[in-house]
There are 2 protein chains.
Amino acid sequence: MPAHDAPFRPVQPVRAYQRVAEQIEDRILGGDLPPGSRLPAERELVNQFAVGRSTVREALRVLQSAGLIRSRPGDPLGAEVLGVTPDNLSSALGRLTRSHLSSLGELVQFRMVLDAESNRLAARLHREADLARMAEQIDRMEALIDVGLHAFSEADALFHQAVAEASRNALLGLCARAVHDAVVDVIKGRIASSDDTRAWMERSVAHHRQVLAAIRERDGERAAALARRALYDYYADHVEEEKRELLAAALEDGSVAGPALR
Amino acid sequence: MPAHDAPFRPVQPVRAYQRVAEQIEDRILGGDLPPGSRLPAERELVNQFAVGRSTVREALRVLQSAGLIRSRPGDPLGAEVLGVTPDNLSSALGRLTRSHLSSLGELVQFRMVLDAESNRLAARLHREADLARMAEQIDRMEALIDVGLHAFSEADALFHQAVAEASRNALLGLCARAVHDAVVDVIKGRIASSDDTRAWMERSVAHHRQVLAAIRERDGERAAALARRALYDYYADHVEEEKRELLAAALEDGSVAGPALR
DNA sequence: GAAATCAACTGGTCTGACCAGCTGTCCGGT
DNA sequence: ACCGGACAGCTGGTCAGACCAGTTGATTTC
């Protein structure tokens, strides 16, 4: 590419709060300021950055809305560093859905894609230790059925995290988690939450055992299809009528080849 | 579920700036305040919300960092409403990568999954008008080869947008775009950018025509495989050595079943 | 009529102040 | 010696007022 094609880039003004936020963000992402550590007090940051307090506060607001830090009034230790979480991913996805740019059906379909792919990769790339972790979480789920839905869901999340680790792609797992949270947020309150929760949990455990078996046998196709089927069965009723057939389209991916294969 | 199981939820204090940000965000996502419209001036918002200016400003900072609005000093029209964009999605993904929670290889693999699925769905669900839009953008790309990489990439993005529309899942397209941006951001500067740009553009056009043909023939499997292959060929050299075999794993998905198939 | 000027905005920043909440210390009662 | 409450000194959250620089459009000037 010729150098004179774009010799100078337009330079846009950089606000003071951006510089402050960038410096702190770099420290957090760079590994200084690990999760759990504390930022100096705002008035101290004012000294270190040599800016006004409102500037520091706007920078902290940006970092907080990105989920990197959390501050509490009166905390003499300063704002807490949270590290990188998928929280803002899910809030961004939730915004997309709330703005009707995407629908619940699309979110569910997205989860079908992500979970299926996680399972597929896990089936191909897992090691022995991964299987043990997954089995352990399924056992925990089964034991926690009587404790309550919350504890159960926690073990469920850990199972999926184990699958994500086995797939050797943390990003897929994080995004799946974010989409899951967004779905829960959208569907919240609309769920029947009837007293068949227990039956559902038992079915869920059985489903997870099937997935684990497929992964253990390195049958990625079956593991993927199981994830798609479970999500479809669980969410299809909540999805808008006209979107349901689209979901069904994702359901058949991979298991049956397209009509005009080659 | 028994009502007395959790009779009261812990109530956490809601900051004033949050309330302000929520109100504005709801208006934007709800459809009042469409993209392109303007917010009142800060000092006017101070009157309407009955809070201090710093509170209003922190709320606006949050909205701005979420990509919902953009403000410019001296603009007598007030902050501009941008609507929902995938920008914060891609910045969130970029943060994940920069923090070494995920790697370039995972990003590329993620793109392979998303693009492949978009293509697959587009092959299954497209209508005639979709095909026309895609063909039009490919022609534009070809015409813009001589104009420059920037214009070319723009047409390329429009092609993928057309595919996303055909897939009837806007979310997939938006996320694919976000991941694309994150990849570009990570790889920026590291790319050779040699003078074979023109050759690459020509190959790219040919690749897109192949994809379009596969979609037109409703061969979702082939369309998906084409996307995976193109991404792999283009990015494999930039991916960390130890991650490359993982990419290859994604490459074979769907086209060849896992080694232990049934 | 075109160009320079200027007044009235805007957002960005700083300062200083006050409030409410948290925490460790210190003091008095047991 | 121990324990519990008051309190001082911090924290972050909010507000008010000020100033600056940039934008804009009307006004003046040539």
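Quick caveat, the model's predicted, so the values are computed rather than measured.
- Regarding Glu58(A), its CD atom lies at a distance of 15 Å from the C1' atom of dG12(D), rounded to whole Å.
- No side-chain N or O of Tyr17(A) forms a donor-acceptor pair with one of Arg61(A) less than 3.5 Å apart.
- Between the CZ atom of Arg70(B) and the C1' atom of dG11(C) there is a distance of 15 Å, rounded to whole Å.
- Atom CZ of Arg53(B) and atom P of dT15(C) are 16 Å apart (whole Å).
- A donor-acceptor contact closer than 3.5 angstrom is absent between the side chains of Ser54(A) and Ser54(B).
- At least one side-chain nitrogen or oxygen of Arg57(A) sits closer than 4.0 Å to the OP1 or OP2 atom of dG13(D).
- Between Glu42(A) atom CD and dG16(C) atom C1' the separation is 15 Å, expressed in whole Å.
- Comparing atom distances between the Ala16(B) side chain and each of dT14(D), dG12(C), dT11(D) picks out dT14(D) as nearest.
- In this structure, Gly74(A) reaches the bases: a heavy-atom distance under 4.0 Å links it to at least one base atom across the strands shown.
- A salt bridge does not link Asp185(B) to Arg98(B): none of the charged side-chain nitrogens sits closer than 4.0 Å to a carboxylate oxygen.
- Thr55(A) comes within contact range of the sugar-phosphate backbone alone, with a heavy-atom separation under 4.0 Å but no base atom that close.
- For the residue pair Glu44(A) / Gln48(A), a side-chain donor-acceptor distance below 3.5 Å is found, with atom types taken as modelled.
- Distance Glu44(A) CD to dG12(D) P: 11 Å, rounded to the nearest Å.
- Distance from the side chain of Ser54(B) is smallest for dC15(D) among the nucleotides dG13(D), dC22(C), dC15(D).
- At a cut-off of 3.5 angstrom, the base of dG22(D) holds no donor-acceptor pair with the side chain of Arg72(B).
- Checking dG12(D), dG12(C), dC15(D) against every side-chain atom of Ala41(A), the shortest atom distance belongs to dG12(D).
- One atom, CG of Asn47(B), and another, P of dG17(D), lie 12 Å apart when rounded to the nearest Å.
- Ranked by how close their nearest DNA chain C nucleotide is to the 5' end, Leu77(B) and Val46(A) are led by Leu77(B).
- Side-chain atoms of Gln137(B) and Arg140(B) form a donor-acceptor pair, as typed in the model, at a separation below 3.5 Å.
- With rounding to whole Å, Gln18(A) atom CD is found 16 Å from dG11(C) atom P.
- Side-chain proximity of Ser71(A) to dG12(D), dC14(C), dT14(D): nearest is dG12(D).
- Of the candidate nucleotides dG12(C), dT24(D), dG12(D), dG12(C) has the atom nearest to the side chain of Arg61(B).
- Between Arg43(A) atom CZ and dG9(D) atom C1' there is a gap of 12 Å when expressed in whole angstrom units.
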